[in-house]
Amino acid sequence: MAVRIDPGLCPQNHRCPMIDVCPVEAISQEGFALPTVDPERCISCGQCVAGCGKGAMSLADDDAPARS
């Protein structure tokens with residue numbers, strides 16, 4: 001599983017609070033741009049998915065096409 005971030009749901013106008021939620025520091029962000037998830041570090045625990053107040057994060061199969 002991989003964490004996907006829907007740019008249509010992520011407001012990208014503040015520091016992503018899920019950066020501090022991730023137990024393995026897999027989420028990063030440049031300025032207020034769309035956050036990124038490092039697939040090498042992500043353990044698919046779902047904490048960011050559960051905590052994202054905008055519902056912009058989801059768990060998806062690695063082979064599934066990204067939502068746009």
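FYI, side chains are in, hydrogens and waters are out, and symmetry mates aren't considered; it's all heavy atoms of this structure. The model shown is predicted, which means the values in this text are computed figures rather than measured ones.
Heavy-atom contacts from other residues, nucleotides or ligands closer than 6.0 Å to CD of E25 number 12 or fewer.
Taking each heavy atom of Q29 and C16 in turn, the nearest pair found is OE1-N, 2.7 Å. The shortest non-hydrogen separation linking Q12 to P7 is NE2-O, 3.3 Å. Shown here for I5 and C10, the closest heavy-atom pair between the two residues is CG2-CB, 4.2 Å. Pairing each heavy atom of V21 with each of C48, the nearest pair is CG1-N, 4.3 Å. Summarising the geometry of D20 relative to R15, their closest heavy-atom pair is OD2-NH1, 3.1 Å, with the distance given to 0.1 Å. Nearest heavy-atom pair across D6 and G8 is OD1-N, 2.7 Å.
A single hydrophobic cluster is not seen to contain both V24 and I27; linkage of ILVMFWY side chains at heavy-atom distances under 4.5 Å, directly or through other members, places them apart. Hydrophobic clustering places L34 together with M57 (ILVMFWY residues linked when any side-chain heavy atoms are closer than 4.5 Å, directly or through intermediates). Under the 4.5 Å side-chain heavy-atom criterion for grouping Ile, Leu, Val, Met, Phe, Trp and Tyr, F32 is not connected to L9 through any hydrophobic cluster.
Counting heavy atoms from C-beta on, the side chains of L59 and S44 come closer than 4.5 Å. Side-chain contact between P35 and M18: absent, with no pair of heavy atoms (C-beta onward) separated by less than 4.5 Å.
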